[in-house]
Peer 1: 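The structure's right below; bear with me while I get my questions together.
As the structure is a prediction and not an experimental result, all values here were calculated from the model. Values below: every heavy atom of this structure, side chains too, minus hydrogens, waters and symmetry copies. Just so you know, ligand 1 is whichever comes first in the structure, and atom 1 is the first atom listed for that ligand.
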Amino acid sequence: MALNESRVIYPGSFDPLTLGHDDLIRRVRRLADEVIVAVAETATQSKRAAFTVEERVALIEQVYRDEPGIEVVSFSGLLVDFARSRDARVIIRGLRAMSDFEYEFQMALMNRSLSPEIEVIFMAPDSKYTFLSSSLVREVCALGGDVSEFVPPAVLAALAERYGTGSA
Ligand code: PNS
């Protein structure tokens with residue numbers, strides 16, 4: 001089965017991209033010709049951020065450099081405006097657990113009131129990633145823990161450089 005849409009947007013902070021994100025990107029790519037991984041600039045200004053938006057984009061590009069149909073870009077402003085500017089009508093968001101639901105539901109309905117022609121579709125990642133988040137990866141890595149099971153190799157190398165940790 002395929003979405004009757006050639007282009008979908010997968011937005012997020014991606015600080016950093018995890019294997020949970022990767023799992024969703026690959027699932028979406030099986031349904032659509034083109035996945036735009038959209039890295040939000042507004043969500044990247046936290047002092048606890050590990051990577052700048054440019055670094056995130058470069059890292060994700062590195063991960064998918066040999067994979068056709070996956071584009072990586074940053075965006076600022078409203079997500080729905082970005083989707084419109086790229087002529088995309090479908091936004092994908094991952095739902096790991098019920099705890100994600102309330103925030104995601106609010107965002108989806110706000111996005112719908114802002115732009116009724118755009119649909120938000122929720123997808124579940126592989127169950128082995130339901131506990132995984134970028135913030136936990138950052139914390140574990142900053143404290144010297146091994147996150148090699150949770151991020152792609154390119155991200156692991158960048159984390160090791162960022163936090164000066166041998167295991168990451
Ligand atoms: O990975 P995250 O941090 O959960 O992603 C959240 C993100 C970037 C998708 C959300 O904050 C967003 O869409 N930001 C862009 C600004 C916007 O449109 N805000 C209104 C959302 S209803």
Side-chain angles (χ1 to χ4, degrees), residues 3 5 7-29 31-32 34-64 70-126 128-142 147 150-152 154-156 158-159 162:
L3 279 175
E5 288 290 328
R7 177 180 287 173
V8 303
I9 308 258
Y10 179 49
S13 306
F14 304 109
D15 186 37
L17 180 93
T18 68
L19 289 180
H21 297 128
D22 175 68
D23 177 82
L24 273 195
I25 289 168
R26 292 176 193 283
R27 278 173 205 283
V28 179
R29 179 65 183 88
L31 300 175
E34 194 186 342
V35 180
I36 300 178
V37 180
V39 183
E41 286 182 11
T42 42
T44 61
Q45 285 152 1
S46 152
K47 282 193 182 131
R48 284 174 306 179
F51 300 106
T52 65
V53 69
E54 293 80 13
E55 289 169 332
R56 293 171 207 193
V57 168
L59 261 178
I60 303 170
E61 272 173 346
Q62 204 180 326
V63 172
Y64 299 107
I70 300 174
E71 186 189 351
V72 189
V73 288
S74 63
F75 74 99
S76 55
L78 287 174
L79 175 59
V80 288
D81 289 341
F82 171 72
R84 251 193 240 122
S85 76
R86 295 303 307 266
D87 205 19
R89 285 179 302 176
V90 174
I91 292 169
I92 303 284
R93 290 286 290 170
L95 269 190
R96 290 165 299 189
M98 279 310 286
S99 50
D100 283 340
F101 181 76
E102 196 170 337
Y103 172 61
E104 292 300 333
F105 194 62
Q106 284 174 348
M107 278 208 300
L109 292 182
M110 176 59 84
N111 282 331
R112 179 178 286 163
S113 10
L114 294 169
S115 193
E117 80 279 10
I118 292 175
E119 288 296 344
V120 176
I121 296 183
F122 297 125
M123 284 180 69
D126 190 304
K128 68 183 180 219
Y129 298 127
T130 47
F131 65 95
L132 188 54
S133 69
S134 297
S135 56
L136 273 184
V137 164
R138 287 199 305 272
E139 181 173 334
V140 170
C141 196
V147 294
F150 309 127
V151 294
V155 173
L156 191 65
L159 282 167
R162 168 70 181 77

Peer 1: Less than 4.0 Å between a side-chain N and a carboxylate O, is that true for D15 and R138?
Peer 2: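 Judged by the 4.0 Å cut-off on N to carboxylate O distance, R138 and D15 do form a salt bridge.
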
Peer 1: Angle class for the F82/F75 ring planes (parallel below 30°, perpendicular above 60°, tilted otherwise)?
Peer 2: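 Plane angle under 30°, so parallel.
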
Peer 1: Apply ring-ring contact (aromatic ring centres under 6.0 Å, His included) to Y129 and list each qualifying residue two or more places apart in sequence or on a separate chain.
Peer 2: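 Counting only residues at least two positions away or on another chain, Y129 forms no ring-ring contact (aromatic ring centres under 6.0 Å, His included).
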
Peer 1: Using a strict cut-off of 4.0 Å, indicate which atoms of ligand 1 neighbour a heavy atom of F75.
Peer 2: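 Every atom of ligand 1 under 4.0 Å from some heavy atom of F75: 15 (C).
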
Peer 1: According to the side-chain hydrogen bond (donor to acceptor under 3.5 Å, both in side chains) rule, which pairs have a member within residues 101-110, sequence neighbours left out?
Peer 2: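 Sorted result for residues 101-110: R93-E104.
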
Peer 1: Could you tell me if any non-hydrogen atom of F82 lies under 4.0 Å from any atom of ligand 1?
Peer 2: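 It does not; every heavy atom stays at 4.0 Å or beyond.
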
Peer 1: Classify the contact between A40 and ligand 1 as side chain, backbone, both or neither, using a heavy-atom distance cut-off of under 4.0 Å.
Peer 2: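 Side chain only.
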
Peer 1: Indicate the atoms forming the closest heavy-atom contact of I92 with M123, along with that distance.
Peer 2: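 The pair with the smallest heavy-atom distance is CG2-SD, 4.0 Å.
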
Peer 1: Which atoms of ligand 1 have any heavy atom of G77 under 4.0 Å away?
Peer 2: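 Checking each atom against G77, I get 15 (C), 16 (C).
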
Peer 1: Decide if atom CZ of R89 counts as having more than 12 heavy atoms of other residues, nucleotides or ligands within a radius under 6.0 Å.
Peer 2: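 For R89, atom CZ is not crowded (no more than 12 foreign heavy atoms under 6.0 Å).
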
Peer 1: Quick check: does E104 get an N/O under 3.5 Å from an N/O on ligand 1?
Peer 2: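 Checking ligand 1 against E104, no N or O pair falls under 3.5 Å apart.
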
Peer 1: Give the atoms of ligand 1, by number and element, whose distance to some non-hydrogen atom of L79 is under 4.0 Å.
Peer 2: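 What qualifies from ligand 1 is 13 (O), 17 (C), 18 (O).
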
Peer 1: Below 4.0 Å from ligand 1: does a non-hydrogen atom of R93 turn up there or not?
Peer 2: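 A heavy atom of R93 does come that close to ligand 1.
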
Peer 1: Knowing that exactly one of I60, V63, T18 qualifies, which makes a side chain to side chain contact (heavy atoms under 4.5 Å, CB included) with P152?
Peer 2: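 Exactly one candidate clears the test, V63.
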
Peer 1: Does the residue S134 have a heavy-atom contact with ligand 1, meaning some pair of atoms that are separated by less than 4.0 Å?
Peer 2: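 Judged by the 4.0 Å heavy-atom criterion, S134 does not count as contacting ligand 1.
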
Peer 1: Any atoms of ligand 1 less than 4.0 Å from a non-hydrogen atom of M110? List them with their elements.
Peer 2: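 It comes down to these atoms of ligand 1: 22 (S).
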
